[in-house]
Amino acid sequence: MPNATYHFPPDFLWGVATASHQVEGNNTNNQWWAWEQDEGHINFGHKSGKACGWWENTDIDFDIAARMGLNAMRLSLEWSRIEPKEGYLDLDAIERYRQMLQGLKQRGIEPMVTLHHFSNPLWLEEYGSWENPDIVMFFNRYTEQVMKHLGDEATLWCTLNEPNVYASQGYVEGIFPPGRSDIKAARQVLRNMVQAHVESYKIIHRIKPEAQVGFAHNYRFFDPARPNNLMDRVASWAYEQAFNRAFLKPLLNGWWHLFLGIGPAPGMGKAVDWIGLNYYTRDLVRFDRTAKDDLYSQRLHAEDAELLDGGYGELYPEGLFRALKILSRKGLPIYITENGTPDSDDDQRPRALVLHLHQMWKALQENIQIRGYYHWTLTDNFEWAEGWGMPFGLIEMDPETKERKTRPSADLYSAIVRGNAITPELIDAYIPEVRPVIMPE
Ligand code: FCB
C-alpha cells in the first residue's frame with residue numbers, strides 16, 4: 001500500500017539491549033578480561049578496557065535513552081562483581097546495580113535484567129564453569145542472592161543470554177573463551193545451561209512470584225544453498241537442529257533434543273514465561289564431503305545478498321519474521337531481546353532497522369504476541385572477539401575519548417518509538433529508497 005502507516009500496539013516496549021562486560025569497563029575479574037590479555041584472541045589486539053564507562057557513570061547513556069523516548073532497556077549483571085570470590089557477596093556492587101535500575105525507572109525506562117551474558121567470574125573458571133554440572137548449584141546461589149537483594153527492582157528477568165552462541169563460539173569454533181574445539185564439551189555446556197535456566201526460573205519465582213522470566217535465544221537461519229539438493233538440505237537441517245533447536249526443545253517441549261540427550265527432560269517444559277529472540281542474520285549451507293569439522297558443509301551467502309559490514313553476514317530481515325513464526329508455536333509472549341546491525345558509517349543501519357521493524361509488524365498482524373523490541377545496541381561497545389572494530393551502536397562512541405555522537409539511525413529509531421509507528425514521512429526523510437519495498441504502489 002502506498003502511504004501506509006504501520007502502527008505498533010499500545011504499551012509496546014521499545015528499548016535497547018546491552019551486556020555488562022561490553023559496557024561497564026574494568027571487569028578485571030572475569031574470564032573475558034583474562035582472554036583479552038592474550039595476543040591473538042581479539043581482533044587488532046583490542047581490549048575492553050574502560051568500555052563505555054558504565055561502572056562509574058550510566059547517566060550519560062541513560063539520559064540519551066530517555067531523550068530518545070525509549071521505555072525499556074535490557075542490561076546484564078556482572079556475576080564477577082556481585083560474587084567476586086566464591087560465596088562472597090559484594091554489597092557495594094549490589095548497591096551500584098540498584099542505582100542503575102532505579103536510574104532507569106526514574107527515567108520511565110523499564111529494565112529487563114539478564115543474569116548471565118557470556119562472562120564468568122574467574123573463580124568459577126577454576127571449576128570448569130559451565131562444563132561442570134556443579135554450575136547449576138553455583139548459578140542457583142547467585143540467582144538467589146540477586147533476587148533477594150535486587151528482586152524488587154525489576155519484573156522482567158532473563159536468565160541466560162544465547163546459550164547456543166556461548167557453547168558454539170567457546171567450545172566448537174574456539175573464538176570465545178575457553179577457546180576449545182570439543183563437541184562433547186559443547187553438549188555438556190548446553191545441557192548444564194538448560195538445567196541452570198530451569199532451576200534459576202524456579203528460584204526467581206519463589207522469591208518474586210510476579211516476575212516474568214525467560215531467556216534470550218539466538219536464532220540464525222541455515223538455509224540450503226541449493227534448495228533442491230538433498231545433501232545441502234540435510235546439512236542445513238543438521239545446523240538448524242544443533243544450533244537452533246537443541247537448547248529450545250527441552251525448555252519448550254519437556255523432551256531432550258537428540259543432540260543433548262534422549263527422552264523426557266523432567267521438570268522442563270514449564271519453566272518459561274516468555275521467549276527472548278536475538279536475531280541478526282542467516283547463512284546458506286552447502287554440502288562439502290571434505291569438511292568433516294564443519295558438519296560436512298560450507299557456509300556461504302546468497303549471490304544477490306546485501307552483506308553487512310565486517311563480514312557479519314547477510315542483511316536478511318525476512319529471517320526475523322520466520323523466527324517469530326517458529327517461536328510463536330508455543331503461544332508464549334515473545335520479546336525481541338536483540339536485533340541490530342554492525343555499521344560504522346550508518347549507511348545500512350537506518351534501512352536495516354526499518355526493514356526489520358516492518359517484518360516485526362507483519363508478525364504482529366498475525367497475532368504473534370510480541371511485547372517489545374530491544375535494539376542492539378545503544379552506544380558502540382566492546383564487541384567480544386571483534387573488539388572495537390564492529391560498532392553496533394545507534395550512538396557512535398570513540399573508544400579512546402569516549403565522545404558520543406548521534407547517528408541518523410538513532411534519530412530515526414527515536415521518531416518511530418515516539419510515534420509508535422513507521423510512517424511514510426519518516427521513510428521519505430531517512431530512507432526514501434525503501435519506500436517501494438515496504439509501501440509499494
Ligand atoms: C549477540 C550478543 C551480543 C552482541 C551482539 C552483536 O550475539 O548477545 O552481546 O555481541 O551479538
Side-chain angles (χ1 to χ4, degrees), residues 9-13 15 17 20 71-79 82-83 87 89 91 93-117 135-161 163 192-217 247-248 250-254 264-277 327-337 368-374:
D11 303 329
F12 195 75
L13 289 183
S20 56
N71 60 2
M73 187 182 289
R74 172 173 174 237
L75 48 70
S76 76
L77 304 179
E78 178 59 36
W79 189 348
I82 290 180
E83 192 179 352
L89 179 72
L91 289 172
I94 294 277
E95 276 322 298
R96 177 70 191 112
Y97 283 120
R98 187 186 313 288
Q99 273 174 9
M100 287 191 200
L101 297 173
Q102 291 184 350
L104 287 175
K105 287 182 284 180
Q106 282 153 8
R107 291 169 172 86
I109 297 175
E110 173 164 3
M112 173 189 279
V113 185
T114 307
L115 291 175
H116 184 267
H117 194 129
I135 185 67
V136 179
M137 178 266 291
F138 290 128
F139 195 63
N140 281 352
R141 189 171 65 190
Y142 162 63
T143 304
E144 177 133 9
Q145 295 288 15
V146 168
M147 290 314 291
K148 277 193 184 146
H149 292 88
L150 294 169
D152 287 346
E153 304 295 348
T155 305
L156 288 171
W157 292 86
C158 173
T159 56
L160 303 174
N161 181 69
N192 292 341
M193 287 186 131
V194 169
Q195 240 129 11
H197 165 81
V198 174
E199 297 306 319
S200 176
Y201 174 95
K202 291 186 200 151
I203 292 169
I204 298 173
H205 273 291
R206 171 160 57 72
I207 300 178
K208 184 173 174 113
E210 71 277 24
Q212 293 293 307
V213 187
F215 55 83
H217 182 67
F247 182 77
L248 286 181
L251 292 176
L252 300 184
N253 299 348
M268 299 187 196
K270 290 185 224 63
V272 188
D273 301 327
W274 52 266
I275 304 174
L277 166 62
L327 294 180
S328 71
R329 286 183 197 147
K330 281 282 139 187
L332 291 165
I334 298 176
Y335 291 86
I336 297 171
T337 35
I368 297 179
Q369 300 302 306
I370 309 163
R371 298 280 164 82
Y373 172 91
Y374 298 78

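Position 1 is the first residue of the sequence; numbering continues from there. Just so it is clear, the values below take in all heavy atoms, side chains as well, and ignore hydrogens, waters and symmetry mates.
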Tell me whether Glu95 is salt-bridged to Arg98, with the criterion being a basic N under 4.0 Å from an acidic carboxylate O.
yes
Minimum heavy-atom separation for [X] and [Y], please, with both atom names.
X      : Y      : result
Val136 : Ala196 : CG2-N, 4.1 Å
Ile109 : Met73  : CG2-N, 3.6 Å
Tyr335 : Met112 : CG-CE, 4.0 Å

Name of the residue among Val272, Asp273, Leu327 meeting side chain to side chain contact (heavy atoms under 4.5 Å, CB included) with Leu332
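Of the listed options, the one satisfying the test is Val272.
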Quickly, which of Leu160, Ile203, Asn192 forms a side chain to side chain contact (heavy atoms under 4.5 Å, CB included) with Phe139? Name it, please.
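Checked Leu160, Ile203, Asn192 against Phe139; only one passes side chain to side chain contact (heavy atoms under 4.5 Å, CB included): Leu160.
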Ring pair (Phe, Tyr, Trp, His ring centres under 6.0 Å) partners of [X], counting only residues at least two apart:
X      : value
Phe215 : His197, Phe247
His149 : none
Phe12  : Trp14

What is the distance from atom [atom1] of [X] to atom [atom2] of [Y], rounded to the nearest 0.5 Å?
X      : Y      : atom1 : atom2 : value
Thr155 : Glu210 : OG1   : CD    : 6.5 Å
Thr143 : Leu77  : OG1   : CG    : 10.0 Å
Ser200 : Glu144 : OG    : CD    : 10.5 Å
Leu277 : Tyr374 : CG    : OH    : 13.0 Å
His116 : Thr159 : NE2   : OG1   : 10.5 Å
Trp157 : Ile204 : CH2   : CD1   : 7.0 Å

Using the rule given for side-chain hydrogen bond (donor to acceptor under 3.5 Å, both in side chains), can you reason through Asn140 versus Lys202, listing the C-alpha separation, both sets of side-chain angles and the distance that settles it, and then say yes or no?
CA-CA 9 Å; Asn140 281 352; Lys202 291 186 200 151; over 6 Å; no
Arg107 side-chain N/O to Gly103 backbone N/O, donor-acceptor pair under 3.5 Å
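Checked: pair present.
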Parallel, tilted or perpendicular, judged at 30° and 60°: which one describes the rings of Trp79 and Tyr142?
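Geometry flag for Tyr142 against Trp79: parallel rings.
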